[in-house]
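Counting from 1, the numbers follow the sequence of the chain as shown.
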Amino acid sequence: MASIPQPDLEIAHPAPRQSVLTLFSQPSLSLFAIGMIGLGMLALIYGDFALVWQPVAPWVPGRTALAYGTGMLMLLSGAGLVFRATAARAVRILFPYLIIWALLKVPALVVAPQIEGVWLGFGELAVLLAGGWILFARLSAVGDGSPLAFATGERGIRIARFLFAVWVIPIGLSHFVYLKETISLIPAWIPFRPFWAYLTGGGHIAAGLGVLFSVIPRVAATAEAAMLSIITILVWVPAVLATPHVRMPWTAFFISWAITAAVWVVVQNIPQNGTSTPE
């Protein structure tokens, strides 16, 4: 995950002879798809949502059936993204789902705005949505007459980049507010763990500001994607290997994977000069 994706995403059109978007040709797209597939499989295995990232109250009628339905949606739409013939349909389903997923966090922002953790939670899902938004802007092939036309093309990509830039900042702030918890996630064998907690927190904030104010934005987003890739590998892979039968590490791993992939999608759609989307 630490290599910088190079090829640009393409507008999806049916092409039977070249139907599979391979890992080589579309790395960030494929990584995003794998994250969705993994989360979908977990929902189907456990008959539940992705813990704190999908806060559906226990009293909601048909909650288990809804969890299975969302799991199937993520699994099928994730799989659909890697096939050229189905990518447009898949992203048209996945994009509104990611919007709803993020909106589930809004009530917490209203009820408890003084708690940084709720801003962190929304920020993580907003970054995930930013990657999905860019995929929608690139792949959906929505016509100019559609109500969603504003979310596609260059305009949609700019909105998604802004969404990423703003909401990665509270992710960084959480490292300072929840310093003890952040340090506890860093493997014990790494020296100077408080230093790395502060550094990664500052890195998130710097990446957001860099993209927001177009100060070497591609470098800033690339640094963010690389940092998240390292965190996923060093924090969540060992947790999964240590307790492979426990649900939480698997969920955290695929959430971290999906968010990281979303940031790589953002990187892929920031040109070297930061002024327009690469063609």
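Interatomic distance, Leu29 CG to Ile134 CD1, rounded to the nearest 0.5 Å: 12.0 Å. The CG atom of Leu39 sits 8.0 Å away from the CG atom of Leu128 when rounded to the nearest 0.5 Å. Atom NE2 of His204 sits about 4.5 Å away from atom CD1 of Ile231, to the nearest 0.5 Å. To the nearest 0.5 Å, the span separating CG on Leu104 from CD1 on Ile99 amounts to 12.0 Å. One distance of note links CG of Leu109 with NZ of Lys105; it measures 9.0 Å at 0.5 Å rounding. In this structure, CH2 on Trp101 lies 9.0 Å from CG on Leu94, to the nearest 0.5 angstrom.
The ring pair (Phe, Tyr, Trp, His ring centres under 6.0 Å) test applied to Phe122 returns Trp167, not counting sequence neighbours. Taking the side-chain contact (heavy atoms from CB on, under 4.5 Å) definition, one finds that Ile93 meets it with Leu73, sequence neighbours left out. Ala206 pairs by the side-chain contact (heavy atoms from CB on, under 4.5 Å) definition with nothing, not counting sequence neighbours. Listed by chain and number, the residues in a ring pair (Phe, Tyr, Trp, His ring centres under 6.0 Å) with Phe95 are Trp133, Phe136 (sequence neighbours excluded). In this view, Phe213 and Leu209, Val215 satisfy the side-chain contact (heavy atoms from CB on, under 4.5 Å) rule, not counting sequence neighbours. Evaluation of the side-chain contact (heavy atoms from CB on, under 4.5 Å) rule for Val237 yields Leu241, Phe253 as partners, not counting sequence neighbours.
Closest of all the heavy-atom pairs between Ala207 and Ala220 is CB-O, 3.5 Å. Minimum heavy-atom separation, Ile186 to Ala197: CD1-N, 3.8 Å. The two residues Ala102 and Leu129 make their nearest non-hydrogen contact at CB-CD2, 4.4 Å. Taking every heavy atom of both residues into account, Ala137 and Ala151 meet most closely at CB-O, 3.5 Å. Heavy atoms only, all atoms of each residue included: Tyr178 and Gly117 are closest at OH-N, 2.9 Å. Nearest heavy-atom pair across Ser77 and Ala90 is O-CB, 3.4 Å.
Proximity of a side-chain donor or acceptor of Trp119 to a complementary backbone N or O of Pro113 within less than 3.5 Å is detected. A donor-acceptor pair is defined here as one N or O able to donate and one able to accept, closer than 3.5 Å; such a pair exists between the side chain of Arg218 and the backbone of Val267. In this structure, the side chain of Arg89 does not engage the main chain of Gly80 through any donor-acceptor pair within 3.5 Å. Trp236 places no side-chain N or O within donor-acceptor distance of the main-chain N or O of Pro249, the cut-off being under 3.5 Å. Between the side chain of Ser174 and the backbone N or O of Ile171, at least one donor-acceptor pair lies under 3.5 Å. Using modelled atom types, one side-chain atom of Arg92 and one backbone atom of Ser140 make a donor-acceptor pair closer than 3.5 Å.
With hydrophobic clusters built from ILVMFWY side chains whose heavy atoms lie under 4.5 angstrom apart, Ile255 does not share a cluster with Val56. In terms of hydrophobic clustering, with Ile, Leu, Val, Met, Phe, Trp and Tyr side chains grouped at heavy-atom distances under 4.5 Å, Ile190 and Phe195 are assigned to a common cluster. Under the 4.5 Å side-chain heavy-atom criterion for ILVMFWY residues, a single connected hydrophobic cluster contains both Leu199 and Phe192. Hydrophobic clustering of Ile, Leu, Val, Met, Phe, Trp and Tyr side chains at less than 4.5 Å, counting indirect connections, keeps Ile100 apart from Val118. A single hydrophobic cluster is not seen to contain both Phe49 and Val246; linkage of ILVMFWY side chains at heavy-atom distances under 4.5 Å, directly or through other members, places them apart.
Environment of CZ in Phe176: crowded, with over 12 heavy atoms of neighbouring residues, nucleotides or ligands closer than 6.0 Å.
Judged as a salt bridge (charged side-chain N to carboxylate O under 4.0 Å, His left out), not a single pair has a partner in residues 253-267 (not counting sequence neighbours). Residue pairs meeting the side chain to side chain donor-acceptor pair (under 3.5 Å) criterion with at least one partner in residues 39-56, sequence neighbours excluded, are Asp48-Arg63, Asp48-Arg247, Trp53-Glu124, Gln54-Tyr97. Note on residues 219-237: no pairs pass salt bridge (charged side-chain N to carboxylate O under 4.0 Å, His left out), not counting sequence neighbours. Sorted by first and then second residue, the side chain to side chain donor-acceptor pair (under 3.5 Å) pairs involving residues 179-200 (not counting sequence neighbours) are His175-Thr200.
Hydrophobic cluster of Ile37: the remaining members, joined at side-chain heavy-atom separations below 4.5 Å, are Met41, Leu44, Tyr68, Met72, Leu75, Leu76, listed by chain and number.
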task = Evaluate the side-chain contact (heavy atoms from CB on, under 4.5 Å) criterion for residues Val211 and Phe162: first the C-alpha distance (whole Å), next the side-chain angles of each, then the deciding distance (0.1 Å), finally the verdict.
result = CA-CA 8 Å; Val211 175; Phe162 178 82; over 6 Å; no

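Tested against Thr260 for a side chain to side chain contact (heavy atoms under 4.5 Å, CB included), the candidates Val265, Thr232, Ile233, Leu31 yield a single pass: Thr232.
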